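Treat the numbers as computed from the prediction; the structure is a model and nothing was measured.
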Amino acid sequence: MNRNDDEKLSDIMMGKAVLALLHGGGPVSTAALITQLQTLADEEKSEVRKRACERAINEVRNSATASRNRTTFKVRGSDNVGHIFSSEGPTDDKKKH
């Protein structure tokens, strides 16, 4: 599946925001990432790049909401290996046997 240019630009802007957070030495969190993306959008002169920042903000918010709604359990087996289970089941790549 080919991703369109808008999605790619949103990913680029998100990467730029993450790098800014890492270089800044502050905390890297969902709230900090959203704030950094908003700062990038405010400073951006290109409307296309502003919209890319806004899409990235929405993606981060949607991901955070999905994470809050997911229940996960960590079970340590007799071999001392941690196994993580979620209410959604395994990811698609793990369902293939």
Side-chain angles (χ1 to χ4, degrees):
M1 176 176 143
N2 289 333
R3 295 167 35 117
N4 67 35
D5 291 338
D6 291 338
E7 291 172 328
K8 289 178 186 176
L9 185 55
S10 293
D11 286 347
I12 289 168
M13 298 309 289
M14 193 178 307
K16 188 174 180 179
V18 169
L19 286 173
L21 291 174
L22 292 172
H23 288 276
V28 177
S29 65
T30 301
L33 180 56
I34 290 171
T35 300
Q36 186 62 42
L37 283 164
Q38 188 61 56
T39 299
L40 289 175
D42 292 344
E43 294 172 351
E44 194 57 60
K45 291 179 174 68
S46 164
E47 285 301 317
V48 172
R49 292 172 73 87
K50 280 183 191 246
R51 284 193 305 272
C53 288
E54 291 166 4
R55 278 191 305 277
I57 289 168
N58 287 330
E59 188 176 329
V60 171
R61 284 183 178 149
N62 291 340
S63 177
T65 300
S67 292
R68 279 193 297 271
N69 293 335
R70 188 176 322 143
T71 303
T72 58
F73 304 94
K74 184 171 184 180
V75 178
R76 193 157 296 280
S78 60
D79 55 358
N80 204 28
V81 174
H83 304 276
I84 299 175
F85 300 90
S86 78
S87 58
E88 297 175 349
T91 59
D92 287 341
D93 60 331
K94 292 182 181 177
K95 289 181 183 177
K96 299 173 187 169
H97 286 22

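The distance from atom CG of Leu37 to atom CD of Glu54, rounded to the nearest 0.5 Å, is 10.5 Å. Considering CD of Gln36 and CD1 of Ile34, their distance stands at 12.0 Å, rounded to 0.5 Å. The CD1 atom of Ile57 sits 12.0 Å away from the CG atom of Asn62 when rounded to the nearest 0.5 Å. Atom CE of Met14 and atom CG of Leu19 lie 12.5 Å apart (nearest 0.5 Å). With rounding to the nearest 0.5 Å, the separation of NZ in Lys45 from CD in Glu43 is 9.0 Å.
Exactly one of Lys50, Arg55, Arg49 qualifies for a side-chain contact (heavy atoms from CB on, under 4.5 Å) with Met13. That residue is Arg49.
Across every non-hydrogen atom of Ala56 and Ser10, the tightest pair is CB-O, 3.8 Å. Nearest heavy-atom pair across Cys53 and Leu40 is SG-CB, 3.9 Å. Between Asn4 and Asp6, the closest heavy-atom pair is OD1-N, 3.0 Å.
Defined by atom type and a distance below 3.5 Å, a donor-acceptor pair is present between the side-chain atoms of Asp42 and Gln38.
Between the side chain of Ser63 and the backbone N or O of Glu59 there is no donor-acceptor pair closer than 3.5 Å.
Under the 4.5 Å side-chain criterion, counting only non-hydrogen atoms from C-beta, Ile12 is not in contact with Lys16.
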